[in-house]
Amino acid sequence: MALFSKDIKTLEDLYLHTLRDIYYAEQQIVKALPKMIDKAGNSELKDGFTHHLEETKGHVERLEEVFRKVGEEPEGVTCPAIDGIIKEANEIAGDIADKDVMDAALAAAAQAVEHYEMTRYGTLIAWSHELGRNDCASLLEETLKEEKAADEKLSKVAESRLNKAA
Ligand SMILES: [Fe+2]
Ligand SMILES: [Fe+2]
């Protein structure tokens, strides 16, 4: 059953809703990354996406563990934010013929995804502590660390592209 905003009364409700939101988002990212791997020309970018696809599958599993810990069935709820980020990335990438520009667009889109994930996990970690769920917080911290590392790697790829162009 989807949780509608009128059903969100307590912080626990909001926490569960946000877990479902990021659970849906991670699943969409698992679907989107293979297409990004195909489109990437730069081998560092391709490898980075491939590595993060495996990590992202782990993020889905880690969320399932968090659901279990709070006694809920793992269930997603449509997240219009991640749908929008992925849709925009697909639209832009569809219009680009130049390989280097395509890589720049893919890296930028991926960073938008990482930043969305980072903000969600940051919030969920804070709420886990507030709700006395330090066990959930530690699991979510592990994922947040990987999101941050993926974002930093993308920044480095973007930098090396700029240095090459200079
Ligand atoms: Fe993730
Ligand atoms: Fe990510």
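Both ligands and their constituent atoms are indexed starting at 1 by order of listing.
- The Fe ion (ligand 2) has no N, O or S atom of E55 under 2.8 Å away, backbone or side chain.
- Y15 and T10 form no side-chain donor-acceptor contact under 3.5 Å, judged by distance and modelled atom types alone.
- Within the coordination shell of the Fe ion (ligand 2), defined by N, O or S atoms under 2.8 Å, D151 is absent.
- Ion pairing of K145 with E142 is absent here, as no side-chain N (NZ or NE/NH1/NH2) approaches a carboxylate O to less than 4.0 Å.
- In E147, the N, O or S atom that comes nearest to the Fe ion (ligand 2) is OE1.
- Note on E117: its N/O/S atom closest to the Fe ion (ligand 1) is OE2.
- A donor-acceptor contact under 3.5 angstrom links the side chains of E147 and H52, judged on distance only.
- Within the 2.8 Å limit, E114 places at least one N, O or S atom next to the Fe ion (ligand 2).
- Among the atoms of H52, an N, O or S atom falls under 2.8 Å from the Fe ion (ligand 2).
- At most 12 heavy atoms of other shown residues, nucleotides or ligands fall within 6.0 angstrom of atom CD in E88.
- A salt bridge does not link R62 to E26: none of the charged side-chain nitrogens sits closer than 4.0 Å to a carboxylate oxygen.
- With 3.5 Å as the limit, one finds no donor-acceptor pair spanning the side chains of Y24 and R20.
- At least one N/O/S atom of E26, from backbone or side chain, sits under 2.8 Å from the Fe ion (ligand 1).
- In H59, the N, O or S atom that comes nearest to the Fe ion (ligand 1) is ND1.
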